[in-house]
Amino acid sequence: MLTNKERMKIARQGMPQQEGSTRVNNFSEVNLGFSEELAKMEALRCLQCPKPICIEGCPVGIKIGDFISLVAEGDFLGAAAKVKEDNLLPAICGRVCPQEEQCEVKCVVGKKSEPVAIGRLERFVADYEREHVGIRTPEIKTKTNKRVAIVGSGPAGLSCAGDLIQQGHDVTVFEALHELGGVLIYGIPEFRLPKEIVKAEIESLKKLGVDFQKNVVIGFIDTVDELLKNGYDAVFIAVGAGLPYFLNIPGENLNGVYSSNEFLTRVNLMKAYQFPDYDTPVFHCKNSKVAVFGGGNTAMDAVRISKRLGAEHSYIIYRRSDVEMPARKEEIHHAKEEGIEFIYLANPLEFLGTKDGWLKAVKLQKMELGEPDSSGRRRPVPISGSEYQLELDMAVIAIGNGSNPIIQKTTPELQFNKWGNIVVDNATMKTSKEGVFAGGDIVTGGATVILAMGAGRKAAAAINQFLKNKNLELH
Amino acid sequence: MPQILSAKFIAPNIKRFDILSPKIAQRRKPGQFVIIRIDESGERIPLTIADSNNENGTITIIVQAVGRTTMELNMLEAGDTILDVVGPLGKPSEIEKFGNAVSIGGGVGTAIAYPTAVALKQAGNHTISIIGGRSKEFVILEDEMRNVCDEVYVTTDDGSYGKKGFVTDQLKELILHKKIDFVLAIGPIPMMKAVAEVTRDKNIKTVVSLNPIMVDGTGMCGGCRATVDNKTVFVCVDGPEFDAHKVDFETLDRRNRTYLMDEKISLEKFQCESEKHFQRK
């Protein structure tokens, strides 16, 4: 047995990755994952705290110390099973969760040295299981003959479906698009989250008995009320945010200006990067100048895609400074390695076009940081007379999403706030309508995959309770 | 996968499909559309639902082959399936009893105008339709329109059938003789724009159905945004029908040309592949 002192001496193991210069020429995954040796070594760094606080940082409460100790012993399948007691989608979460703000920020090792690489270990055990024995599925409780409809197959919907099916309920997930996975499929690019992995984890839910129905837009084909009327005992609404914000500046409808949702959907879901083998085109970035406006993970995804599509210059244009940038450090770091150019403290005023209506430049105003605003970040203030133009061929607006109006327009009794988000009880994700729960971005506005999964699990627990109570009332 | 129950050409390059999709058939309202994807590598394209039949559980779409996907679609026959059909999408037409209501269809636009003409008739309007085509063979759905409308006028650009001229000529003449209370115009952008100009000064409520490039069709991507009343709208969820007098047709037309080069590449590749395919056969 190692002493804590010895454990503390082991350095955090780096993630093997594709070189920046190679990977800008492909869409393959950037991070390659731990080897067994690296994983065991990293696992030895965990102090196995008697009162582990890392778990508090995990929205789904994975038993972190327990699974890491199994990794250290070399019982990788046991470790995978342990993770899956709390998270049925570990290969996805291991890749896209912002662990540095969640479990890892709490890690005691991190107080003196770098925290244990919990996310990388989670990813390793999930990949190990899938590659060696295939994804194993947990046992299902006796069937309850209760039916739950889940609207949306993104992270919130999937995690809710996983929990409810294990409790013995019948679960149907409705998806508006032709592929399952929501933002995991249309939003997050292949090089950060390979689609095969998303498909494999969804496949495991199918094996458990979850019924997935694609190409169904709830609200149009059946309303929430009709689902309840047609034999569903509860409905979980997890439709995501999904109505892109624009900057509302002149020239935004010029050809070559995209929302991040459109640009990402064309490339990720419709595979425009393989045009013309796939029929959907996207702007030809080759040798062009591309700017992405925004500083979140979506902005990083879009700008890194443009580089892979051959852009000569790929800019991130952000109105605050690097300190306030909301994207994950790892994504910013990867973007810089790939040659992305960061323009901080600049605010777009107008897009300028050619006489044929194609984007040719953006007029920018330099900003400086003033007093902190309501978000606690220093507010950017325009510097007058600092306007300048930057030549551009394509622009992507990645400043967030409002909420999609379809459910709101078709479900009159449901309570929404002024931004169009569904109002819920935070402990149970219950809405104002009996039997209807909601979670994920449609409740919080644009957030992270794991927060949506956390909401999905919370809702699953509450729905399970609701169905039990319903049963009691009947008897 | 939804199956095609019947497929037949009703004009050169224009094919009518009845597709088995009972739920959409039951739900759809005039003015709404579906998005289809033919196969795994296919693009998503919006098509207005021209008709539906609850007994057979079918929806009708009428497709003019102009690009790769529509050309591929028009090669499908009864018995074939379509990988993805999602709908009904978009807001239904706003139907009222206006009085004298004119539905104008230009070319394949008649297929889109037809369901709304039916609804206008059912709402108690004196329903008039003007069907336009380049020449005789491009005049579609004339019998169907005659079955539901009180008056039907046909125009062709070359005079090979009906009256020689444009739909707008016929509309102007109608306006001279009758008080027109409502106009619906669906067809190529220049036609819709021309109709809007005819009715603008006369303050006749005029509605057009826009046909921008779409991807998801549920408001998620914003690719279909258009300028209406100087504001940006998402055609898929805010439309597809809008007040013709407020639509910025230039922007719509320009945005629709975004992928002209790609559409050409895609079409050429498809034609080359299908040629090889037939040679092998």
Side-chain angles (χ1 to χ4, degrees), chain A residues 175-179 182-183 186-187 214-217 219-223 226 239-246 248 252-266 269-272 274-284 353 356-358 397 401-406 409, chain B residues 2 23-24 26-28 32 34-45 67-69 72 83-91 215-227 231-232 234 237-238 248 250-259 261-263 265-270:
Chain A
E175 168 56 47
L177 290 170
H178 60 261
E179 293 273 8
V183 73
Y186 76 74
K214 299 188 280 191
N215 294 320
V216 178
V217 183
F220 284 139
I221 199 100
D222 268 325
T223 61
E226 284 163 331
V239 294
L243 195 77
Y245 285 138
F246 283 91
N248 291 320
E252 210 157 19
N253 290 345
L254 286 164
N255 293 7
V257 181
Y258 288 87
S259 75
S260 52
N261 277 3
E262 183 187 2
F263 183 64
L264 293 171
T265 301
R266 283 180 177 274
L269 175 71
M270 305 308 296
K271 306 216 180 307
Q274 296 179 49
F275 179 86
D277 289 336
Y278 280 75
D279 299 346
T280 304
V282 71
F283 186 87
H284 289 242
D356 302 329
W358 284 86
I397 318 296
N401 286 297
S403 44
N404 193 291
I406 295 175
K409 281 183 186 161
Chain B
K23 197 91 200 215
I24 300 177
Q26 191 194 329
R27 287 299 159 133
R28 71 98 196 179
Q32 289 188 302
V34 288
I35 281 190
I36 65 144
R37 192 173 71 122
I38 301 176
D39 54 34
E40 268 313 317
S41 59
E43 61 180 336
R44 294 169 65 96
I45 60 161
R68 186 217 152 102
T69 302
E72 202 174 345
L83 183 59
D84 298 296
V85 178
V86 59
L89 300 170
K91 288 207 306 213
V215 187
D216 65 293
T218 60
M220 191 267 280
C221 86
C224 66
R225 63 194 189 276
T227 311
K231 287 193 277 288
T232 293
F234 289 4
V237 285
D238 299 325
D248 174 353
E250 282 75 20
T251 303
L252 176 70
D253 187 45
R254 171 169 57 65
R255 287 185 58 80
N256 274 358
R257 293 169 193 271
T258 302
Y259 301 106
M261 277 303 293
D262 302 282
E263 285 160 14
I265 293 169
S266 194
L267 183 60
E268 278 167 9
K269 179 170 176 283
F270 174 68

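Predicted, not measured: the structure shown is a model, and the values here were computed from it.
In terms of modelled atom types and a separation under 3.5 Å, the side chain of A:N255 and the main chain of B:R254 share a donor-acceptor contact. Between the side chain of A:S259 and the main chain of B:C221, a donor-acceptor pair closer than 3.5 Å is present. Between the side chain of A:Y258 and the backbone N or O of A:F283 there is at least one donor-acceptor pair closer than 3.5 Å. Counting only distance, with no hydrogens or angles, the side chain of B:R44 and the backbone of B:V215 share a donor-acceptor pair below 3.5 Å. A donor-acceptor pair under 3.5 Å is formed between the side chain of A:R266 and the backbone N or O of A:P281.
Of the listed residues (B:L89, B:D248, B:D39), the greatest number of heavy-atom pairs within a distance under 4.5 Å of chain A belongs to B:L89. Of the listed residues (A:L264, A:D356, A:L243, A:D279), the one with the most heavy-atom contacts under 4.5 Å to chain B is A:D279. The candidate with the highest count of non-hydrogen atom pairs below 4.5 Å against chain B, out of A:D222, A:V216, A:L269, is A:D222. Across A:V257, A:N248, A:N253, A:I406, the residue that shares the most heavy-atom pairs under 4.5 angstrom with chain B is A:N253. Comparing B:I265, B:V85, B:D262 by heavy-atom pairs within less than 4.5 Å of chain A, the highest count is held by B:D262. Across B:R27, B:Q26, B:R68, the residue that shares the most heavy-atom pairs under 4.5 angstrom with chain A is B:R27.
For B:R255, the parts lying near chain A are the backbone and the side chain together; criterion is any non-hydrogen pair under 4.5 Å. For B:R225, the part lying under 4.5 angstrom from a heavy atom of chain A is the side chain only. If you measure heavy-atom distances from B:E72 to chain A, the contacts under 4.5 Å come from the side chain alone. If you measure heavy-atom distances from A:L177 to chain B, the contacts under 4.5 Å come from both the backbone and the side chain. Only the side chain of A:K409 comes within contact range of chain B, with heavy atoms under 4.5 Å apart. For a residue to count as touching a neighbouring chain, one of its non-hydrogen atoms must lie under 4.5 Å from one of that chain's; by this rule B:T251 touches chain A with the side chain only. Looking at A:E226, the atoms closer than 4.5 Å to chain B (heavy atoms on both sides) all sit in the side chain, from C-beta outward. When heavy atoms are compared at a cutoff of 4.5 Å, A:D277 approaches chain B by way of both its backbone and its side chain. Using a 4.5 Å cut-off between heavy atoms, B:F234 touches chain A through its side chain atoms alone. For a residue to count as touching a neighbouring chain, one of its non-hydrogen atoms must lie under 4.5 Å from one of that chain's; by this rule A:N404 touches chain B with the side chain only. Looking at B:I35, there are no atoms closer than 4.5 Å to chain A (heavy atoms on both sides), in backbone or side chain. At a 4.5 Å heavy-atom cutoff, the contact between A:Y186 and chain B is made by side-chain atoms alone. Contacts of B:K23 with chain A are made by both backbone and side-chain atoms, with heavy-atom separations under 4.5 Å.
From A:M270, atom CE reaches atom CG of B:D216 across 10.0 Å, with rounding to the nearest 0.5 Å. The CD atom of A:E262 lies 10.0 Å from the CE atom of B:M220; values are rounded to the nearest 0.5 Å. How far CD of A:E179 is from CD of B:E40: 6.0 Å, rounded to the nearest 0.5 Å.
The shortest heavy-atom contact between B:L83 and B:P2 is O-CD, 4.2 Å.
A 4.5 Å side-chain heavy-atom check between B:P88 and A:I221 finds at least one atom pair inside the cut-off. B:F270 is not listed as a side-chain neighbour of A:P276, based on a closest heavy-atom distance of 4.5 Å or more. When side chains are defined from C-beta on, B:V237 does not count as touching B:K91, because their heavy atoms never get closer than 4.5 Å.
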